[in-house]
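Along the sequence shown, the residues carry numbers beginning at 1.
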Amino acid sequence: MSFRVKACAATVAAACALFAPAAMASPGVSHAPVQVTGKHLKNGLLPPTGFLPGYKTLFASNSGGKLEHFTTFHIPSMKCSDFWLFNGDVDGFGETAFASETATFKSISAPTQELFEQSVYQFASNHAAAAVYAQIGAKYKSCKSLSSSNGHGGTSKQSVHSRVAERVGGHQSLLLTEFFTDSSTPGPPLVTVALWTLDGTDIYVVHSMLLNVHAPKPTLSSLVLKLIHRVRALR
């Protein structure tokens, strides 16, 4: 190799070393996901009328004005009774922010009567969100049904009647149909349909308790896609 070729190679190597940091910081690489607080995250939730006209907020909560840094519930080791009670309703699953709201009809004469609940869990990374999403799916399998005393000498039972893995707008999702029965109350089961959806660092869930309808109206998939769009716009 001639001196000139060696000199050119050395120059190129030096240039590469000089510009490497700049290349690493180029716009083409991914950055840490934008994190928002629960107080901010609640602004991305669907308004009550986003479910159906004339609906109102029944209950709302969020994780507050600071990012969370704790885990209260470890899903794989949770009791089935705790999992059914808390999952999707409260924070403490290792998320950095959480927001939830329940909406329902104002008048008993409303033509469509459902009880909707929406919740968003924000995690520090895609990996963390995917791990918890997988744990939720696995726990629904191991805790497919739960029976307990209804306090009146009878038994109440919650169960997963069906589960379907699907894609909603390209997002990994799990659709669950849940039954609730009480031995003291004759008649068909109370049906709740829940759609869990994973999008990057976020896990979404929308529940619909069906009171006088046979299927969610509007569809849960349409609601989740609207919710994802609103939460993304916060960042």
Side-chain angles (χ1 to χ4, degrees), residues 46 48 50-61 73 75-76 78-90 93 100-121 133-168 172-198 203-225 227:
L46 296 169
F51 295 100
L52 285 169
Y55 270 46
K56 64 178 181 179
T57 297
L58 188 64
F59 177 79
S61 66
F73 304 107
I75 294 175
M78 287 181 75
K79 296 180 180 178
C80 289
S81 57
D82 290 340
F83 178 75
W84 276 90
L85 180 62
F86 297 119
N87 193 39
D89 295 324
V90 300
F93 290 88
S100 180
E101 186 168 323
T102 302
T104 192
F105 50 92
K106 293 181 180 179
S107 171
I108 195 66
S109 62
T112 302
Q113 298 179 10
E114 297 178 71
L115 184 68
F116 289 99
E117 182 180 3
Q118 58 181 322
S119 297
V120 184
Y121 290 90
Y133 179 84
Q135 290 171 5
I136 291 170
K139 199 67 174 180
Y140 271 117
K141 282 186 177 180
S142 62
C143 295
K144 188 175 180 179
S145 64
L146 174 69
S147 298
S148 59
S149 171
N150 64 6
H152 302 286
T155 302
S156 61
K157 182 179 180 180
Q158 296 170 277
S159 61
V160 176
H161 175 69
S162 68
R163 58 180 290 150
V164 180
E166 55 183 49
R167 307 291 291 188
V168 174
Q172 187 177 352
S173 299
L174 177 64
L175 181 66
L176 302 166
T177 300
E178 304 167 5
F179 281 2
F180 175 84
T181 58
D182 192 308
S183 62
S184 301
T185 306
L190 180 62
V191 180
T192 297
V193 183
L195 181 63
W196 289 86
T197 302
L198 175 66
I203 297 177
Y204 298 83
V205 58
V206 178
H207 295 84
S208 172
M209 184 181 291
L210 310 178
L211 301 180
N212 75 341
V213 292
H214 297 293
K217 300 179 180 179
T219 64
L220 296 188
S221 58
S222 67
L223 293 173
V224 165
L225 290 176
L227 182 55

- Message: Within this structure, what is the CG-CG distance for the pair Leu211 and Leu115, rounded to the nearest 0.5 Å?
- Response: 6.5 Å
- May I ask you to decide if Leu227's main-chain N or O and Gln118's side chain share a donor-acceptor pair within less than 3.5 Å? no
- Ser208 side chain to Thr192 main-chain N or O, any donor-acceptor pair under 3.5 Å? no
- Item | Closest non-hydrogen atom pair, Pro189 against Thr181 | CB-CG2, 3.5 Å
- Task: State, without any angle test, whether Ser147 and Thr155 hold a side-chain donor-acceptor pair at a distance under 3.5 Å.
- Result: no
- Nearest 0.5 Å please: distance from the CG atom of Leu175 over to the CZ atom of Arg163. 10.5 Å
- Could you check whether the rings of Phe51 and Phe116 sit parallel, tilted or perpendicular, using 30° and 60° as the cut-offs? parallel
- Task: Check whether any side-chain N or O of Lys139 sits under 3.5 Å from a backbone N or O of Met78 as a donor-acceptor pair, and report yes or no.
- Result: yes
- Message: Tell me if a side-chain donor or acceptor on Ser149 pairs with a main-chain N or O of Gly151 at a distance below 3.5 Å.
- Response: yes
- Message: To check you understand the geometry: which heavy-atom pair defines the closest contact between Leu190 and Leu210, and what is its length?
- Response: CD1-O, 3.9 Å
- Task: Go through Glu101 and Glu117 one step at a time and tell me if the side chain to side chain contact (heavy atoms under 4.5 Å, CB included) criterion holds.
- Result: CA-CA 6 Å; Glu101 186 168 323; Glu117 182 180 3; over 6 Å; no
- Task: Identify the heavy atoms of Asn150 and Ser183 that sit nearest to each other, and give their distance.
- Result: ND2-OG, 4.3 Å
- With rounding to the nearest 0.5 Å, note down the distance linking CG in Leu225 to OH in Tyr204. 10.5 Å
- Take the angle between the ring planes of Phe179 and His161 and call it parallel below 30°, perpendicular above 60°, tilted in between. parallel
- Value rounded to 0.5 Å, distance of OG in Ser142 from CD in Gln135: 11.0 Å
- Hey, what do you get for CG (Leu146) to NZ (Lys79), rounding to the nearest 0.5 Å? 11.5 Å
- Note on the structure: Heavy-atom nearest pair, Trp196 first then Val205, reads CE2-CG2, 3.5 Å
- Shortest non-hydrogen contact between Pro216 and Val193, atoms and distance: CG-CB, 4.0 Å
- Task: Ignoring hydrogens and angles, tell me if any N or O in the side chain of Glu114 forms a donor-acceptor pair with the backbone of Lys217 under 3.5 Å.
- Result: yes
- Query: How long is the gap from OG on Ser148 to CG on Asp182, to the nearest 0.5 Å?
  - Reply: 9.0 Å
- Working for side chain to side chain donor-acceptor pair (under 3.5 Å), residues Ser100 and Ser119: CA-CA 4 Å; Ser100 180; Ser119 297; 2.9 Å; yes
- Query: Distance-only, no hydrogens or angles: does the Trp84 side chain make a donor-acceptor pair with backbone N or O of Cys143 under 3.5 Å?
  - Reply: yes
- Query: What pair of heavy atoms forms the shortest contact from Thr197 to Ser173, and how long is it?
  - Reply: OG1-OG, 3.0 Å
- Item | Ring centroid separation Phe83 to Tyr140 under 6.0 Å | yes
- Message: Checking the side chain of Tyr121 only, and the main-chain atoms of Gly88 only, is there a donor and an acceptor separated by less than 3.5 Å?
- Response: yes
